[in-house]
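Structure, as structure tokens:
Both ligands and their constituent atoms are indexed starting at 1 by order of listing. Every heavy atom of this structure was used, including side-chain atoms; hydrogens, water molecules and symmetry mates were not. Being a predicted model, the structure only gives us computed values, none of them experimental.
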Amino acid sequence: MEPVSLYFHIPFCRSRCAYCDFTTAAGCDALIPAYLDALLSEIRGVKEAAGRLLPAHTVYFGGGTPSLIPLEGYNRLFEAIREAFELTVDAEITLEANPGTVDGDYLRGLRQAGFNRISFGMQSAWPEELALLGRRHSHLEVIRAVNQARTAGFEQVSLDLIYGLPGQGLDSWRFSVERALELNPDHLSLYSLTVEPGTPLAAWVGRGLLPEPDADQAARMYTWARARLARAGMAQYEISNWGRRLSRGKIALCRHNRHYWRREPYFGFGAGAHGFLEGWRVSNTPDTAAYIRRCGEQKRESLAFSPACETRLKLDARTEMEEVMFLGLRLTREGVSEARFLAQTGRELRQVYGREIDELVKWGMLTWKGRRLVLTARGQRLGNQVFLRFLHDQETTTRVPRLILYHSSGLITGVVQR
Ligand code: SF4
């Protein structure tokens, strides 16, 4: 069996950021001990269901704020992970962290527990923008956290930035990117802000207190950043992600997220976590208390279905083909190869999507690199329009406009009718 990936969702946050609609439990730290017990039980359930050690090559703790979990909690979790999974020798083990929540001792402890990669949510270098977003840290804390992570021996340090804020100018975006580059990150993720319904940010925009984010301005920011990061020697490998160039043509990319985009199987542990196993897309209940209760009271149904499983979707052949396209094309270097399409769907790429591909190549959105199809620079800017061309309604064969939802990590969280 090919190695799987493991995603752990840690929903706890000190407070809720103004733009956030992720599964979070702000101000619920009292639940952390019970939540850890529930995670341990969910991991052990996999061990029982599998009946053998499953190989795993990446582990990712995302959130929420995973850096709120005490070291002792991570030591217990890794003990259980190693009893249920055989981690490959070069396994990539990532923690997402908020810069204001770590210090040197904690980072050293994380390193000893097994983490080798850390991703800090920097978001902006401007105090005003951090305040607008509801972030609790300062840029000084980002600088300190990155230095402490390097001293602690992390092999990869990644930074997240957000652009396209209401009223944000190109100059302020350039300033944040330059401050990020000064920290010599191994990896950078640049995410365009989306105003999610139900968030304080959406309410401020709705009441006219803030301007609507300007999509054209965001496109200019993205285009500028692509050129700037290329000049800085960073290699883009995904629409929103760049890695430092390593020796022998390698890139310091996030192998865990690449695993999602390649559509390879992964387990999702924790409240609201998504998984992809045995052809099923599954997700756990996002309710933290319900998650704890169900993991405590119920047994795992099968390898794919956690006791906390809330949604399960068996992918049909058409959806599988769509997914191969709109996930794989996000990988700007690798794209979708004819071989991968055939291996994952049993069909020939050109037979299924020949007309769409020819059109998109003619419009300058896609290009062939040997036998791999990749997005052009124009296609990257207009990614969702390209992806929509590969979505079908199976019964009527008419194109159905649907919205592809992504978590900030790029993880697909759903495809909905619009
Ligand atoms: S953006 Fe991140 S840190 Fe802020 S509330 Fe959401 S999950 Fe927590």
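Figure legend: cation-pi geometry between R312 and F305, with NZ or CZ positioned under 6.0 Å from the six-membered ring centre and within 45° of its axis. Annotation: cation-pi geometry not satisfied between R330 and F326 (NZ/CZ under 6.0 angstrom from ring centroid, within 45° of ring axis).
For atom 2 (Fe) of ligand 1, the nearest non-hydrogen atom of the protein is R135 NH1, 3.9 Å. The nearest protein atom to atom 1 (S) of ligand 1, hydrogens excluded, is given as Y19 OH, 3.4 Å; this is a heavy-atom distance. Scanning the protein heavy atoms around atom 3 (S) of ligand 1, the nearest turns out to be N98 ND2, 3.4 Å. Here the protein heavy atom with the shortest distance to atom 8 (Fe) of ligand 1 is C13 SG, 2.3 Å. The nearest protein atom to atom 5 (S) of ligand 1, hydrogens excluded, is given as C17 N, 3.2 Å; this is a heavy-atom distance. Taking atom 7 (S) of ligand 1 as the reference point, the nearest protein heavy-atom neighbour is G64 N, 3.1 Å. Ranking protein heavy atoms by distance to atom 6 (Fe) of ligand 1, first place goes to C20 SG, 2.3 Å.
T345 pairs with exactly one of M321, R263, R318, M325 by the side-chain contact (heavy atoms from CB on, under 4.5 Å) rule, that one being M321. Among L95, I69, I93, the single residue meeting the side-chain contact (heavy atoms from CB on, under 4.5 Å) criterion with L110 is L95.
The proximity of S15 to ligand 1, defined as any non-hydrogen pair under 4.0 Å, is limited to the backbone.
Inspection of the Y60 and E92 side chains reveals no N or O donor paired with an N or O acceptor under 3.5 Å.
If you look at H187 and Y237, their ring centroids are closer than 6.0 Å.
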